[in-house]
Amino acid sequence: MRRVWLIAAATLRESLQHRSFALLLLAALAFVAGTLFLRQFNFGSSELKFVADLGFGMLSLGAALLAIAMMTQVFFDECERRTLHLLLARGVSRSEFLLGKLAGVALLLGLYALMLLACLWPVLWARETALLALMPDAFDRGSGLNFAGVMIAAYASWLKACVLAAAVLWLATLAENRVFAMGCGLLLLIIFHSAAVWAAYGSNGGWPVWLLHGLGYLLPDFGAFDLTPAAFAGDGGFVVRAVRLTLYAVLYGAIFIGLGVLQLRRREI
Amino acid sequence: MAQFSLAWESCNCAAVRFDWKHALRVLVVLAGGGILANAVVLPDVTARAVRAPAGLWWDWIGGLRPLGANLAWLQSQEAWGRGDAAQTAAFLRLAVELQPESLYFWSNGARLLALDLAAVADASGDSPDALRRAGMALLEQARTWHEDNPYYWVERAGLEWQALADGGLAAESYRRAALLPGAPYYAARLHALMLVRQGRLNEAHAWLCWLHPQLPAADPAAQADLVRKRIHGIEQQLELPAEQRYRQQDEL
């Protein structure tokens, strides 16, 4: 376990030095702060919900892109610098190496999510306060912001990014170069969000239902990680949901790490 | 099989040789884990409410969908300003695909096509009937997302009445709206009005007699007195005998 944490800490340090992390973080922070200016576009939903949607959207999409980019970078950096050989020669197992890499990137994603949340929460709070002053009756029916709910929604986005990072790590063990791994990672991001689409095609009789249901069982459904409504809900139902989502993410993380270990054994290093 | 292996190796992207046994192993692990995750840990994932697939293709951009929908909506307004029906419809479709859960884009989009653009269709060379049909078709697609929303049925009734001039359809849509929870009071009154306009006075009378006792007298939006007056008006038109006329509980 100690070796896993050492690799994770080294991965985190290395990732923090990547320019892509700093760039993506700055862009995301600027976007979240800028949602105050974009709020006039809220034709289809209430203003506060629109701002929350944009903030969580940036958190979720940014974390997913970061997971793809960073996971690929840290894996191929190890391969190209030959430090992977060194680690394996020193008795570090393949599973420890992959777990350490995933843990390092997960910590980085957590840091990203926390920083974005630290920016998003004041934005949401400021708008809610301003709207409350304008329309005191608007939040009568518990439609106001809920801090615990905001945290749960951000946590779910982080979980999703971690599952994607694990899947990209598996892809990286299979890929010859980082461009291929990143491209496939982006495809995975779209495919993992499409489980509901396949189910819909199946229910419409477009494709054989068994095939679509089979696909639904093979891959994680990222739609389940969207807990943005929790930000406005006062009940504790979302806590149970978050616990179950954690199990879901851990299970898929373990599956992808397991597949990665199998793949790494077959890879010529 | 051999051809697939050859293609796999010639694409020069994979660091490992293709092996069917390994591929099968991957599938088995994914299926086993997937069944455990989807059926045991999160069973409602596979049972997630699935409506129209079109909008769900954009799920991967997550919360940024509303922004995209609003930008597409603004573009549709710009195309509408130019009188370009085809582009307006295209941007409207994009807006509703990006945010299908918002009734705003469906209802305003349908109105834009079926009423606004259809009204100036002759000048722009488009067919008014085709535009009215396109507007109604857009609203029909919205049904999969908003069937339980009374305002969807109110909007639909409005278009059936104004664009299609079909009072029968409008009456039925207002009735469906009025029977849904959270429906505005006027939906029930408009259902009766549509029936009266079609000469279905007995049905309108029966509907209003059923409606009136349910209206809260203290709520001005319910307009219980107005409904009462309309009942009397219909009774006069029908020349109903006194014993068949509507009486409130306290009058009996």
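In this structure, chain B has no heavy atom under 4.5 Å from any part of A/Phe192. For B/Leu36, the parts lying near chain A are the backbone and the side chain together; criterion is any non-hydrogen pair under 4.5 Å. Contact annotation for A/Leu247: both backbone and side-chain heavy atoms come within less than 4.5 Å of a heavy atom of chain B. Residue B/Ala69 does not touch chain A at all, counting heavy-atom pairs closer than 4.5 Å. Heavy atoms closer than 4.5 Å to chain B are found in both the backbone and the side chain of A/Leu189. Only the side chain of A/Leu251 comes within contact range of chain B, with at least one heavy atom under 4.5 Å from a heavy atom of that chain.
Taking A/Leu54, A/Leu262, A/Thr35 one by one and counting their heavy-atom pairs under 4.5 Å with chain B, the maximum is reached by A/Leu54.
The two residues A/Met58 and B/Leu64 make their nearest non-hydrogen contact at N-CD2, 3.9 Å. Across A/Asp53 and B/Pro66, no two heavy atoms sit closer than the pair OD2-CG, 3.7 Å. In this structure, A/Phe50 and B/Leu67 approach most closely via the heavy-atom pair CE1-N, 4.0 Å. Contact between B/Gly34 and A/Tyr252 at its shortest, heavy atoms only, is CA-OH, 3.3 Å.
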Worksheet item: How far apart are the C-alpha atoms of A/Phe256 and B/Val29, what are their side-chain angles, what is the distance that settles it, and do they pass the side-chain contact (heavy atoms from CB on, under 4.5 Å) test?
Response: CA-CA 9 Å; A/Phe256 288 126; B/Val29 171; over 6 Å; no

